Amino acid sequence: RPPRSTPKPSSAASDVYKRQATACFGKWHLGYQPEVLPRAHGFDTYFGIPYSNDMNYPDNKEKPKGGPDGMDELWADPESTLTKWKTPLIEDEEIIELPVDQRTITRRYTQKAIDFITENKAKPFFVYLPHSMPHIPLYVPDDVRNPDPLYAYINTIEHIDSEVGRLLDTLDDLNLADNTYVLYTTDNGPWLRFKHHGGTAGPLRDGKGTTFEGGQRVPCVLRGPGVPAGSVCHELTGTIDVLPTLAALVGGALPSQHRIDGVDMSPLWHGKKEASSREEFLYYSSHGVLEGIRQGPWKLLVKLPRQNRNTREPKAAEVLLFNLEEDLGEQENLADKYPEVVTELQKKMEALDNKGKVNNQFNAFVMEFLASKGIETHFIKLLSNHESLVHKLEMFPIECVVRNRATGSLCKRLGIEDGLILDPPLFEFFLKDDDLGDPLINDHHIESFGWATQEDADAMRDLTLKINDI
């Protein structure tokens, strides 16, 4: 189903860019309700698909066949964007096209960005342009389409490339290129199971959804004032560093009431610093499980194996150590050869993870509030991507080791019938059921909670905001 709404957002980005004209054109995927769409985050305007382009409004049901074969069928039928999907297009907070014609969406995003920049050329501006493509299903305009599905991904990338070229030409034509930073990157590696619809990671191991380099390491191209033309940087940085870096470049103040995990990389952008300000990078699985750390040339992964739910004793974790400077493809496991490096990195990884957790700061606050309402709570901590450790529950008086999607079935097996499940990594409050329900943050969610009055809902909303601030 479409993603749940998130709590009222942090204002960190909007504080940084408050003196600029701001726009978001493209995929959002941080909630599709009006109160959490881009304008609620401080953007002046929004135009785009509010989540992944393979999702249907309003319940994400009745979708066409998936997998590479299904994608071949959709590519062979360009009209399928209108006949097989119910994906919405939103402008500001209103659905203006249902289903959206995805064949032209890349071109329309680009034109929106060009028009916005042209309109605001005389003042500072910030444009966030997250293209929906090349997420599956792939579509391009009919006038550039190669009908052979084997070339679907290549065709889509070439179209994005040409549209980015139009945007860069606009900056040149408006004499803005020397005073505008353009950052071009992606959010994850290729979706390998979709084959010629999903791309390739080249020499890197694996792809999207994994903690191997093929899933995590992505290209980045940067153009702007002070950026050395034709230079190549091999230092460690991530998209998490973009906000504080741009804040430093535009003179925007990061809000003191919010914790910012990124670091200022502006010296690195300008080629004035040999080493990155970021000393390490943590790798989390798609279930929010800490799996690894990179520090210098070393990368450690501690991967928990999938377990049979009938197995009483969990299998040992797989420990992988790679030297990325010598083995970018992560083919040679050096864990047995350098056990002291494994031990040191594992301690560092766990220390950084604990430092970043907010659980201990609000556990008592949450429990006290819910207890005052007579609500029994069960605290769920995402530590593992399997359920077989349920038999160890006697070791965890409050915390249960489960994967996110298993909470409903787990509660039934534990005999938990009343109360709420708290899922701290998501800052959301769920009913204990197979369908976990929606977070209690706006009025139309209240009726889902039989115990909730309007007063309770307001209090829980305030609580969510306080947790988010922590």
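Fair warning: this is a prediction, and the values are worked out from it, not measured in the lab.
Within a 6.0 Å sphere centred on NZ of K121, heavy atoms belonging to other residues, nucleotides or ligands number 12 at most. Annotation for E91: atom CD counts as buried by contact number, over 12 foreign heavy atoms lying within 6.0 Å.
The pair D173-R166 fails the salt-bridge criterion, with no side-chain N (NZ, NE, NH1 or NH2) lying under 4.0 Å from an Asp/Glu carboxylate O. Between R39 and D44, none of the side-chain N atoms (NZ, or NE/NH1/NH2) sits under 4.0 Å from a carboxylate O, so this pair counts as no salt bridge. K303 and E318 are not joined by a salt bridge, as no carboxylate oxygen comes within less than 4.0 angstrom of a charged side-chain nitrogen. With salt bridges taken as basic N to acidic carboxylate O contacts below 4.0 Å, one links R223 and D172. Contact check on E163 versus R108 returns no salt bridge, with no Lys/Arg side-chain nitrogen under 4.0 Å from an Asp/Glu carboxylate oxygen. Taking a cutoff of 4.0 Å between a charged side-chain nitrogen and a carboxylate oxygen, K299 and E213 qualify as a salt bridge. Of the charged side-chain nitrogens involved, at least one lies within less than 4.0 Å of a carboxylate oxygen, so that E79 and R103 count as a salt-bridged pair.
The closest side-chain donor-acceptor pair between D92 and T45 falls under 3.5 angstrom.
Under a cutoff of 6.0 Å and an axis angle of 45°, K112 and F25 do not form a cation-pi pair.
Nearest heavy-atom pair, Y109 versus K27, reported as atom, atom and distance to 0.1 Å: OH-N, 4.2 Å.
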